[in-house]
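Reading through the structure tokens given below for one structure.
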Amino acid sequence: MKKSKNTPNLNRRNFLAGTASVAGLAATASVVPITFANANHTDGSKGLPDFINWKNRDALIVHSDKGIETHRSAIGEGLITPNANVYIRNNMPTMSDAQIGDRNNWKVSFEGVNNPKSFTLAELKAMGTTTIATVLQCSGNGRGFFEHGPSGSQWQTGAAACVFWTGIPVKTLVDACGGISSGANFMTSAGVDHEPTGLAPKDAMVERSVPKKVYEDALLAWDMNGVPLPNSHGGPLRMITPGYFGINNVKHLGKVAFTADESQVKFMKSSYRISPIGKKGSEYPTCWEMPVKSWITRPTDETGTVKAGKVQIVGVAFGGTRKVKSVKVSVDGGNKWQKAKFIGPDLGKFAWRQFVLETTLSAGTYNIASLASNGKDKQPELRMENRRGYAHNGWKDHSVNITVA
Ligand SMILES: Nc1nc2c(c(=O)[nH]1)N[C@H]1C(S)=C(S)[C@@H](COP(=O)(O)O)O[C@H]1N2
Ligand SMILES: [Mo]
């Protein structure tokens, strides 16, 4: 069911689209040009960009220097995605150590509260710490399955990860600031990664508004899976909006404001709008809540022929803003469905869960699909067609074709 099986990193149209906007950025003097390390990867494709040369190249598909996804099979058998395998999506270049400076002196300001304040990272760390697991997923995850060729990275399943974040609840900070000002409807978070580019904030600032209520679950995170948040994932501090698409999880966080209106920057107003093909505009819904979704991680068409006999079919499933309730698996393209069991620990409603169906397969070819429900909604069969290929949770496109011999 894949449109571009095993070839996304060779997709020339996408490669050019990716580099074109970086070239645009490079025109401004202060941007450090991005270089690629180990350019001759074993499969002939691009190596890792230098700013993430610590990542596990074999686990990743490099679409561009701004879009790197995890192979379907590299999600692995652990529930948590190892940092070295976690996808990267940059609208703005990752900030360098020099641009960040002393991490403990990093500042985040709180506005739209009764007593506006600014906190350093050192102060935040002294105010309280908690850890939550969430699914971080790009709005465009699954874009590679759309037939109309939406622009952007041709993600398959791997612009997603399940991560432990450690930091301070936004609620604690709201309390420390005397509560939210009256008239606020949104929590608006702003990154500062546009500053070194010198581009106009309106066009380049990653500022995102989410409904105010999100603050009750949100976290300002400084650790990712137990280590200081890497620069590439928004270090030293990022916003975590559980259940909401990746773009709302603002990296290099400089400001949190409770606002009456949505931000007017490009990344809020015009980008990330879910509009019909051929249409665009700020009147269309933005990428906020993630819908329920699942996909198979083993066996996959990346791992070759499967031996006939007893086979485990394994995958991940998450419910978006609600807890995932159940998963069904089909080995015949969705004609018959069998209930899968959840395996491993339950890390809370914003994490994904692993599921397994143990079955017997004789020689032949199979189309394997998974269908998750969160008790309120279940995955649709087909994708919701939209211009930029956002929010794909249709089960059919996410199925895998395997050969059993
Ligand atoms: N400041 C800032 N925040 C950002 C971005 C960015 O470019 N700059 N990219 C967003 C997008 S589109 C996604 S999907 C996630 C990706 O997070 P990751 O690179 O840590 O996987 O961060 C979001 N937050
Ligand atoms: Mo994204």
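Sequential numbering from 1 along the given sequence is applied to the chain's residues. Note that the structure is a prediction, hence the values are computed from the model and not measured. Both ligands and their constituent atoms are indexed starting at 1 by order of listing.
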Nearest-contact summary for atom 5 (C) of ligand 1 - protein heavy atom, Å: Lys251 CE, 3.7 Å

Polar atom proximity, Asp193 to ligand 1 (N or O, under 3.5 Å): yes

Under 4.0 Å to a heavy atom of Met92 - the qualifying atoms of ligand 1, by number: 7 (O)

Lys117 atom NZ, neighbour heavy-atom count above 12 within 6.0 Å: yes

Mode of Phe267 contact toward ligand 1 - side chain, backbone, both, neither (heavy atoms, under 4.0 Å): neither

Enumerated ligand 1 atoms positioned under 4.0 Å from heavy atoms of Cys138: 14 (S)

Part of Ile247 with heavy atoms under 4.0 Å of ligand 1, whether side chain, backbone, both or neither: both

Among Asn91, Thr94, Asn90, Asn231, side chain to side chain donor-acceptor pair (under 3.5 Å) partner for Lys251: Asn90

Short side-chain to backbone donor-acceptor contact, Ser209 and Thr188, under 3.5 Å: no

Proximity flag Phe245 to ligand 1, non-hydrogen atoms under 4.0 Å: no

Closest protein heavy atom to atom 9 (N) of ligand 1, given as residue, atom name and distance to 0.1 Å: Arg89 O, 3.3 Å

Asn90 neighbourhood, listing ligand 1 atoms whose heavy-atom distance to it stays under 4.0 Å: 7 (O)

Check: Phe245 and Pro291 side chains under 4.5 Å, non-hydrogen atoms: yes

Residue, atom name and distance, where the atom is the protein heavy atom closest to atom 22 (O) of ligand 1: Arg238 NH2, 3.2 Å

Closest protein heavy atom to atom 21 (O) of ligand 1, given as residue, atom name and distance to 0.1 Å: Tyr87 O, 2.8 Å

Flag, side chain of Ser275 to backbone of Arg387, donor-acceptor distance under 3.5 Å: no

Ion pair check, Glu262 and Arg273, cut-off under 4.0 Å: yes

Residue, atom name and distance, where the atom is the protein heavy atom closest to atom 13 (C) of ligand 1: Gly246 C, 3.7 Å

Distance-only polar pair, side chains of Thr241 and Asn249, donor-acceptor under 3.5 Å: yes

For atom 12 (S) of ligand 1, the protein heavy atom that lies nearest, with its residue and separation: Tyr272 OH, 3.2 Å

Nearest protein heavy atom with distance in Å, relative to atom 24 (N) of ligand 1: Asn249 O, 3.1 Å

Shortest protein heavy-atom distance from atom 7 (O) of ligand 1, along with the residue and atom involved: Asn91 N, 2.6 Å

From Trp395 atom CH2 to Lys378 atom NZ, the distance as rounded to the nearest 0.5 Å: 10.0 Å

Sub-4.0 Å heavy-atom contact, His194 with ligand 1: no

Plane angle bin for Phe186 and Trp288 - parallel if under 30°, tilted between 30 and 60°, otherwise perpendicular: tilted

Gln137 side chain reached by Lys293 side chain, heavy atoms, under 4.5 Å: yes

